[in-house]
Amino acid sequence: MLKEERHFFIIDELKKNNIIQVSDIKDKLGVTEMTIRRDLKELEDKGILKRIHGGAKSIDLLPTKEFSHNEKIKRNIEEKKEIAKKISETIEDNETIFLGPGSTIELVSEFIGEKNCKIVTNSLYLFNRLNNINYRNLILVGGSFRSNTGAFVGSFATGTVRKLRFKRAFIGVNGISSDKVFTYSEDEGEIQKIALDNAQIRYIVADHTKVGREDFFSFYNLDEVHAVISDSAIDDRSVSDIEIFTKLL
C-alpha cells in the first residue's frame with residue numbers, strides 16, 4: 001500500500017473513532033508498527049492529528065476554550081453522580097480530605113451523608129453546597145477568585161494549602177492523556193498539585209469523556225496518584241491506557 005493510501009486510511013479512522021491505536025492500524029493495513037509511527041509523525045507535523053501514547057487522536061479533541069461552570073454542570077450528569085458516589089464511598093470517618101473544584105466533585109454533597117470528616121476545599125460552589133446541608137467540619141481556602149470555575153487560587157491560596165496535610169485529595173481534571181493530567185488554568189493546576197503532594201492518598205477524578213484529551217496545562221503524572229475515579233461508560237481502550245500507570249476505580 002502506498003504511503004498516501006495509508007494516510008487517507010488513518011485520517012478516515014480518526015474521523016470515525018477520534019482516537020486510534022498503532023497496533024490496530026498495523027493489523028488492518030498489514031504493515032509494521034514502525035511504518036505506522038512514521039506515518040503518524042508526518043501527519044502530526046502537518047497539523048492533522050496529535051500523537052499520544054500508543055496511537056493518535058483527532059485535533060478536534062483539543063479544547064479551544066474553558067467551559068463555564070454553568071456549561072459544565074449540565075454535561076454528563078448521570079456519569080458525574082456515579083463518580084461523586086464513588087468518591088463519597090471512598091471517604092472514611094475522621095479523615096481530613098481535600099476536595100478540589102469541579103462540577104463532578106461538587107456532587108459529593110449529595111452523597112456525603114453523615115460522615116464525620118474534615119473537608120477542605122478551594123471551591124466556593126462546593127463550599128456553598130456543603131454549607132447548605134449544614135455539613136459541620138468544613139474549611140474554605142480563600143484567595144483570588146476565578147468566577148469561571150468558582151475556585152480560589154493565587155499566592156494566598158497556594159500558601160495556605162502548602163501548610164496543610166490530608167489523608168486523601170480528590171482533584172478533577174479537564175483531560176488525561178498518556179501519563180499526564182491536564183487543566184485549563186495554570187493557577188488552578190498549581191494549587192491542585194500542592195494538594196495532591198500533601199495527601200497520603202491521591203485521586204484524579206474524570207468522567208469518561210476526559211480520557212484521551214489534553215488541555216492547556218499539565219500539572220501531574222498519573223503514576224504519582226493512587227487511582228483515577230471514573231464512570232462505567234469508560235471504554236476498554238481508555239481503561240487500558242490508564243491502568244498502564246495507576247488503578248482505575
Side-chain angles (χ1 to χ4, degrees), residues 63 66-67 69 71-92 95-112 115 117 119-127 129-130 141 146 149-151 153 161 166-177 179-185 188-215 217-235 238-239 241-243 245-249:
E66 181 181 33
F67 290 104
H69 176 262
E71 290 173 312
K72 288 180 178 179
I73 203 68
K74 299 172 185 175
R75 300 160 69 97
N76 305 316
I77 295 297
E78 292 308 312
E79 290 87 346
K80 289 176 178 179
K81 286 185 177 181
E82 179 186 348
I83 295 169
K85 188 171 185 291
K86 287 182 181 180
I87 293 172
S88 298
E89 291 170 347
T90 303
I91 298 168
E92 298 181 4
E95 294 184 334
T96 298
I97 64 170
F98 183 89
L99 293 174
S103 55
T104 300
I105 296 178
E106 283 174 38
L107 296 175
V108 169
S109 60
E110 297 184 12
F111 303 98
I112 196 71
K115 288 194 175 176
C117 55
I119 295 178
V120 181
T121 185
N122 65 320
S123 167
L124 179 61
Y125 298 135
L126 173 60
F127 175 85
R129 282 175 177 260
L130 291 169
V141 175
R146 294 193 75 240
T149 60
V153 297
V161 174
F166 314 104
K167 178 66 176 182
R168 305 176 196 269
F170 300 85
I171 299 297
V173 299
N174 289 357
I176 298 175
S177 181
D179 65 335
K180 305 292 184 184
V181 297
F182 294 83
T183 189
Y184 181 84
S185 163
E188 288 196 26
E190 182 180 2
I191 193 169
Q192 289 169 329
K193 181 182 186 306
I194 294 168
L196 288 168
D197 285 343
N198 288 358
Q200 294 179 36
I201 308 174
R202 301 179 289 278
Y203 300 92
I204 294 299
V205 175
D207 69 61
H208 69 278
T209 66
K210 306 293 178 59
V211 184
R213 291 178 178 266
E214 295 182 359
D215 210 322
F217 187 67
S218 168
F219 66 93
Y220 224 73
N221 297 328
L222 270 189
D223 60 5
E224 296 179 281
V225 303
H226 292 83
V228 171
I229 303 179
S230 192
D231 59 88
S232 55
I234 190 168
D235 59 48
S238 296
V239 171
D241 288 345
I242 289 171
E243 289 185 337
F245 304 102
T246 189
K247 288 196 306 182
L248 178 68
L249 301 181

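When a residue number appears, it is its place in the shown sequence, counting from 1.
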Do the side chain of [X] and the main chain of [Y] share a donor and acceptor less than 3.5 angstrom apart?
{"X": "S109", "Y": "R129", "answer": "no"}
{"X": "T121", "Y": "L99", "answer": "yes"}
{"X": "K80", "Y": "D207", "answer": "no"}
{"X": "D235", "Y": "S238", "answer": "yes"}
{"X": "D231", "Y": "H208", "answer": "yes"}
{"X": "K167", "Y": "I201", "answer": "no"}
{"X": "K86", "Y": "S230", "answer": "yes"}
{"X": "N198", "Y": "V161", "answer": "yes"}
{"X": "E188", "Y": "S185", "answer": "no"}
{"X": "S177", "Y": "E214", "answer": "no"}

Using a 4.5 Å cut-off on heavy atoms from C-beta on, say whether the side chain of [Y] contacts that of [X].
{"X": "Y220", "Y": "D197", "result": "yes"}
{"X": "F166", "Y": "I97", "result": "no"}
{"X": "V205", "Y": "I87", "result": "yes"}
{"X": "V211", "Y": "I234", "result": "yes"}
{"X": "I204", "Y": "I229", "result": "no"}
{"X": "Y203", "Y": "V228", "result": "no"}
{"X": "N221", "Y": "K180", "result": "yes"}
{"X": "F170", "Y": "T90", "result": "yes"}

Subject >> Steps toward side chain to side chain contact (heavy atoms under 4.5 Å, CB included) verdict (I119, F127) >> reply: CA-CA 9 Å; I119 295 178; F127 175 85; over 6 Å; no

Within this structure, what is the [atom1]-[atom2] distance for the pair [X] and [Y], rounded to the nearest 0.5 Å?
{"X": "I242", "Y": "L248", "atom1": "CD1", "atom2": "CG", "value": "5.0 Å"}
{"X": "D179", "Y": "L222", "atom1": "CG", "atom2": "CG", "value": "6.5 Å"}
{"X": "K81", "Y": "T104", "atom1": "NZ", "atom2": "OG1", "value": "12.0 Å"}
{"X": "S232", "Y": "E82", "atom1": "OG", "atom2": "CD", "value": "3.5 Å"}
{"X": "I176", "Y": "F182", "atom1": "CD1", "atom2": "CZ", "value": "10.0 Å"}
{"X": "I191", "Y": "N122", "atom1": "CD1", "atom2": "CG", "value": "4.0 Å"}

Of the non-hydrogen atoms in [X] and [Y], which two are nearest, and what is the gap between them?
{"X": "G150", "Y": "Y125", "result": "CA-CE1, 3.3 Å"}
{"X": "L126", "Y": "G100", "result": "CD2-O, 4.4 Å"}
{"X": "I105", "Y": "G172", "result": "CD1-N, 3.5 Å"}

**OP:** Evaluate salt bridge (charged side-chain N to carboxylate O under 4.0 Å, His left out) for E95 paired with R168, printing each intermediate quantity in order.
**Re:** CA-CA 8 Å; E95 294 184 334; R168 305 176 196 269; 2.8 Å; yes

**OP:** Assess the side chains of N174 and K210: does a donor N or O sit below 3.5 Å from an acceptor N or O?
**Re:** no

**OP:** Check the pair S123, E106 against side-chain hydrogen bond (donor to acceptor under 3.5 Å, both in side chains), reporting the backbone distance first and the verdict last.
**Re:** CA-CA 8 Å; S123 167; E106 283 174 38; 4.8 Å; no

**OP:** Determine, stepwise, if the pair Y184 / R146 fulfils side chain to side chain contact (heavy atoms under 4.5 Å, CB included).
**Re:** CA-CA 12 Å; Y184 181 84; R146 294 193 75 240; 4.3 Å; yes

Original post:
Does the salt bridge (charged side-chain N to carboxylate O under 4.0 Å, His left out) test come out yes or no for E89 and K85, once each step is laid out?
Top reply: CA-CA 6 Å; E89 291 170 347; K85 188 171 185 291; 2.6 Å; yes

